Amino acid sequence: MLSLDNAFTDEDVQDFTDRVRRFLGLSSEELVKITAEPKIDGLSLSLTYEEGKLVRGATRGDGTVGEDVTAIARTLPDVPETLTGTGWPDRIEIRGEEYMSNDDFAALNAAEEAAGRKLYMNPRNAAAGGLRQKDPRVTAQRPLKFFAYAWGDVSAPFAETQIEAVMALKAWGFQTNDLFQGHDAVDGLLKAYRDMVERRAGLGYDIDGVVYKVNRLDWQDRLGKVSRFPRWAIAHKFPAEKAVTTIEVIDIQVGRTGSLTPVARLTPVTVGGVVVSNATLHNEEEIERLDVRIGDQVEIQRAGDVIPQVLRVMNPDRADRADPFEMPHICPECGSAAVREIDDKGKADVRRRCTGGLICPAQVKERLKHFVSRKAL
Ligand code: IVH
């Protein structure tokens with residue numbers, strides 16, 4: 001399963017359509033229809049049907065190898081066990097996004113809280129947790145939803161355009177997104193984008209951008225892909241969400257290699273529907289650049305699953321500010337010296353590191369975590 005390249009500005013979208021035209025060798029008169037649809041903030045799911053019957057559900061994983069979630073997929077109301085209608089190829093892999101609605105997420109978290117369990121960070125994490133359940137009966141109680149928007153391996157072609165294909169998915173019993181639309185010019189795409197920005201808060205589920213796709217499937221085939229991105233599609237991302245809050249304290253985290261990372265503990269604030277109470281300050285150069293101090297009001301930004309970042313101090317001229325924050329020169333976990341190493345050219349490492357090695361309990365724990373992680377052991 002591929003991923004999507006990102007566009008952030010109107011110019012990026014214009015560049016995308018120009019690239020498509022150039023690649024296909026089209027004249028400026030020839031119309032290139034492109035579809036626009038919300039980018040659902042969930043998890044991609046692959047569903048294989050043979051003779052119209054669901055035979056396998058798989059997560060995206062690393063794009064090549066995912067997890068087998070067939071039993072769980074069978075419990076999702078939006079996933080038909082048997083395809084309806086006619087015209088489906090003997091074998092077809094349907095792809096789409098598994099997600100949780102905002103209301104269902106709020107209800108799930110209320111139940112988790114009442115049971116004294118840990119809360120989910122956002123609907124996406126709750127949806128991921130639902131797919132990962134060992135017991136399909138537990139998932140069956142989770143209100144997970146699914147929008148179909150693409151397909152993978154097929155035994156025979158079944159449509160000539162993206163629009164026809166999505167209509168077919170709908171006819172076979174899948175939920176498709178009502179905001180899916182086609183446009184012949186960039187202006188229409190950008191209008192669709194602005195319209196979705198406006199509707200975003202009222203949709204009832206999280207979206208983090210708009211996906212544009214070249215409508216003609218023969219053109220999609222000719223355009224192909226570059227590394228893991230198709231040339232025929234792009235995600236126009238929504239701007240990161242921002243909020244203002246206060247830095248209560250700055251804690252120091254010691255990582256696997258002994259690096260000391262300052263973390264701002266914030267007065268909890270909701271940013272794009274998620275309560276944020278920590279933000280990374282990266283290192284002491286970043287603290288100096290921002291001149292952040294304990295007690296400061298700061299603007300923070302959250303983009304998708306990325307750890308929130310501090311953008312700026314709101315009131316740098318305030319008279320009663322705390323003193324500039326100084327990184328400790330002693331590891332807060334083990335008391336060893338924490339130093340910034342100097343390289344051959346006399347340049348100091350941006351990271352200050354604990355020199356304790358394995359006598360540092362934080363390093364021991366982080367190294368062990370790394371050793372048993374998915375990418376290591
Ligand atoms: S199309 C080859 N359409 O976005 C392109 N993807 O950043 C296939 N996603 O892994 C994907 N909504 O999980 C497509 N309407 C949509 C989408 C969508 C969400 C996710 C998908 C993909 C990721 C890429």
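Remember, it's a predicted structure, so these values are computed and weren't measured experimentally. Note that ligands are numbered from 1 as they come in the structure, with each ligand's atoms numbered from 1 the same way.
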Mode of Lys213 contact toward ligand 1 - side chain, backbone, both, neither (heavy atoms, under 4.0 Å): side chain
N or O pair under 3.5 Å between Trp232 and ligand 1: no
Part of Leu4 within contact of ligand 1 (heavy atoms, under 4.0 Å): both
Atom 21 (C) of ligand 1 [closest protein heavy-atom partner, distance rounded to 0.1 Å]: Tyr149 OH, 3.1 Å
Aromatic centroids of Tyr193 and Phe238 separated by under 6.0 Å: yes
Short side-chain donor-acceptor distance under 3.5 Å, Glu112 and Tyr120: no
Salt bridge present between Asp349 and Arg340 (N-O < 4.0 angstrom): no
4.0 Å protein heavy-atom contact status of atom 14 (C) of ligand 1, strictly under: yes
Proximity of Glu97 to ligand 1 by residue part, where a heavy atom lies under 4.0 Å: side chain
Worked check of side chain to side chain contact (heavy atoms under 4.5 Å, CB included) between Arg56 and Leu47: CA-CA 6 Å; Arg56 192 177 63 188; Leu47 303 164; over 6 Å; no
Near-ring test Tyr49/Trp172, centroid separation under 6.0 angstrom: no
Polar proximity ligand 1 side, Leu43 side, N/O cut 3.5 Å exclusive: no
Closest protein heavy atom (residue, atom, distance) for atom 12 (N) of ligand 1: Ile40 N, 3.0 Å
